[in-house]
Each structure stands twice: as structure tokens, then as C-alpha cells.
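To start, the structure under review is shown below, and the notes come after it.
Letters go in sequence order (proteins before strands), and every chain restarts at 1. Side chains included, hydrogens not; waters and symmetry mates left out as well; all remaining heavy atoms used.
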Protein chains: 2
Amino acid sequence: MSWAENVLKDLSAHGHRVTAPRRAILDRIMQYSQPFSAEQLFRDLGGETGPIGRATIYRTVDLLVEDGWLSRVHWSATKETHAASEHAYVPVEQGHQHHMICRKCGTVISFEGCDIETLLGGLARRLNFKIEGHWLEVYGLCQVCQRAE
Amino acid sequence: MSWAENVLKDLSAHGHRVTAPRRAILDRIMQYSQPFSAEQLFRDLGGETGPIGRATIYRTVDLLVEDGWLSRVHWSATKETHAASEHAYVPVEQGHQHHMICRKCGTVISFEGCDIETLLGGLARRLNFKIEGHWLEVYGLCQVCQRAE
DNA sequence: GTTGGTGCAAACGCTTTGCACTTGG
DNA sequence: CCAAGTGCAAAGCGTTTGCACCAAC
């Protein structure tokens, strides 16, 4: 059961429709080995002359983020200038996940089961801060790029 | 020695000039108890009719981020739509810091000495991933807002 | 047949840029 | 002095929106 299939199933389960544009978008997302942006997705699906409108891409990406099938990361392939820097996304199986992102090739390794709240628990207790969630992202070099350096 | 004073000293130490607009910007930043955006800073300093141009604000913010005196966070006061969502910043003493941000009032608590790399060390070793840096941000409720709920 | 989805194009809003003017050291 | 900094206005560009049309269920 691929990620795209899971998403499609979940979409119809939530009363959403399974349309051709959505299929195409999901298929394209699965081919990325790096974080991707909405704009990039638009280009890769044919851009201005392609069959899928820009609005549809953005709307679908938003939908997927809302339903927990895409996760936003801060990594950006294009050295962010950051004039309206593109937001980047990574497909995830649903649930709490974090990412290790290779600064060179952009490969993403997802992992769960982080113990950060435990780690910060003492600090939070001392400060009387009630932790409700957190954002963690790790940067570095993947195995392949380490060798290449 | 206030944050603004430290920044000014650092600026001239790096061959930058201490100008009236920069003083005004630093002073205003110190008054925030929440993450702020460049646009907000612009408005608070008088906006279109004020003495400081928008470009100066953006250039100064960038400068401060580069020199490590401002840190970008993901929290946003305005429910991010995220059409060109404003980037938010927090003043920091230089060095590696993380933030706990209250989801209600936006109060920021900075802390250092996180042991995340230690925590993730085992995982990274197993995956042959070489950690070079990380981004961590914690969300929740500060002491005051907990009581208010 | 409904109504959710789509495409188009225009609008939006944050951010950047070019250029002539000002000012700090 | 003169290079760094500033202000202005225009341009950039990712993202959103209004609306008429289309197609999934």
C-alpha cells in the first residue's frame, strides 16, 4: 500500500473526491527524494501549459498538510533569498514525525519516537511552562554525501 | 548592558555604522514581548508616514539575523493564511538558543544547553547520518495563560 | 442532479531592488 | 571626504481568491 494509495483512501473516507489532478499530484510527490515546493510541483506537472492549474496544486498541498499527509520543513533547495521563499514539504505517514535532512542532497530521513518532551520536562516544570507540542528538524550529511566530501 | 547596547557595540566592531534608524529599530525591538515581524516593526515605527523606510527595516532585520542577534521562529500571531506569511523574529543573546513560545500570548522563553544531539546521537550513528545542526522550537502555555484557561 | 473540485486570471502582501541622496566616522 | 546607509517607488514572486465551468459520486 503506497503513500498515494493511503492518501486517496483517506480522502474518500473524509468525503473528498478522487480526481485526476489529485492523482497526478500524489504520483508526482512520490517521485521526489527531496523536500519539494508547491511551485516546483506546478512546474513538474507541466507549468503554465500543463493540464493542472496552479490553484489546484496549492489547494491540494494545503489539504494534504491539514490531513497530516504532508509535513512542512524549513529546508530549501534554492538558497532562500527569502523573498517569498517557497515553503517545502515532505510526504509522511500520519503521526508525529521528525526529519533529518541532508544539507547537500536533500535526502530526508523520517523518524519518530523522539523523547524531547521528556528531555525538556524538567525545564518546563521549573518554568511552569506546559508543553503542548514541538518542532524538531535535524540537519547534516547523509551517508552518501559524507563519503563524497 | 542591554541587548540593544550589545548590538550597537557589535555593529561598530564589525565596521557597521550606528545610525538613527538603527537605534530606533533596536529600541523598538526591545519593547516586544512576543515574536515580531518586519512589517509590524515598520508599522510600529510610524509606517508610511514615519521617518524610517520599509527597506531600512528589512535590511536591518536581515543584518541582525546574519550577525546572530535575531532568531527566526515559526510562531505567528496572525493566523497564518500563509500567503506570504510574515516571518517572525525574536531577539537573542548570541549563541545557540531555543525557544518555548506560548501559543496564547506569544511570550518567548529562551533556553540553551539542549541535549538533543546527544539524544539523537544513537539514531544518527545507526543511520550513518552526520548531524551538523538542528532546529527546535517548543509550543505550549506559559504560566500566566495556564491559569487564565 | 448536487456540490465539491478545477482552471484562469487578477489581486494580495511580504520582501527585494535600483538609484539618487544623506550622513557617520 | 566617501563609502555605508537610507528612502522612495517600482518590481518580484509565491500564494490566494472570485467566478464560471466541469465532473465525481
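- Of the two residues contacting DNA chain D, namely A/S12 and B/T60, the nearest-nucleotide position lying further toward the 5' end is that of B/T60.
- Straight-line distance from the CZ atom of B/R23 to the C1' atom of D/dG5: 14 Å, rounded to whole Å.
- Rounded to whole Å, the distance from CD1 on B/I52 to P on D/dA9 is 17 Å.
- B/H87 has no side-chain polar atom (N or O) that falls below the 4.0 Å cut-off from OP1 or OP2 of C/dC14.
- Using a 4.0 Å cut-off, some side-chain N or O of A/Y58 falls inside it from OP1 or OP2 of D/dT15.
- D/dC13 atom P lies 11 Å from atom CD of A/E39, rounded to whole Å.
- For A/K9, the NZ atom counts as loosely surrounded, since its 6.0 Å shell holds 12 or fewer non-hydrogen atoms of other residues, nucleotides or ligands.
- Protein atom CG of A/D62 is 14 Å distant from nucleotide atom C1' of C/dG5, rounded to whole Å.
- Side-chain polar atoms of A/H99 and A/H74 form no donor-acceptor pair below 3.5 angstrom.
- Within a 6.0 Å sphere centred on CZ of B/R43, other residues, nucleotides and ligands contribute more than 12 heavy atoms.
- Atom pair A/L45:CG and C/dG7:P shows a separation of 10 Å (rounding to whole Å applied).
- Taking atom NE2 of residue A/H14 and atom C1' of nucleotide C/dT3, one finds them 19 Å apart after rounding to whole Å.
- Atom CG in B/L8 sits roughly 19 Å away from atom P in D/dA4 (whole-Å rounding).
- Whole-Å rounding puts the A/I57 CD1 to D/dT15 P distance at 12 Å.
- For D/dA4, neither phosphate oxygen OP1 nor OP2 lies less than 4.0 angstrom from any side-chain nitrogen or oxygen of B/T19.
- Nearest-nucleotide assignment on DNA chain C puts the 5′-proximal partner with A/P21, out of A/P21 and B/R54.
- Phosphate proximity of D/dA4 to B/H16: absent, as no side-chain N or O sits under 4.0 Å from OP1 or OP2.
- Below the 3.5 angstrom threshold, one finds no donor paired with an acceptor across the side chain of A/R59 and the base of C/dG4.
- Annotation: cation-pi geometry satisfied between B/R28 and B/Y32 (NZ/CZ under 6.0 angstrom from ring centroid, within 45° of ring axis).
- At a cut-off of 3.5 Å, with distance as the only test, no side-chain donor of B/E5 or B/W3 sits close to an acceptor on the other residue.
- Counting atom types as modelled, A/R17 pairs no side-chain N or O with a base atom of C/dG5 as donor and acceptor under 3.5 Å.
- Dashed line: the shortest gap from a side-chain N or O of A/R22 to OP1 or OP2 of C/dG5 is under 4.0 Å.
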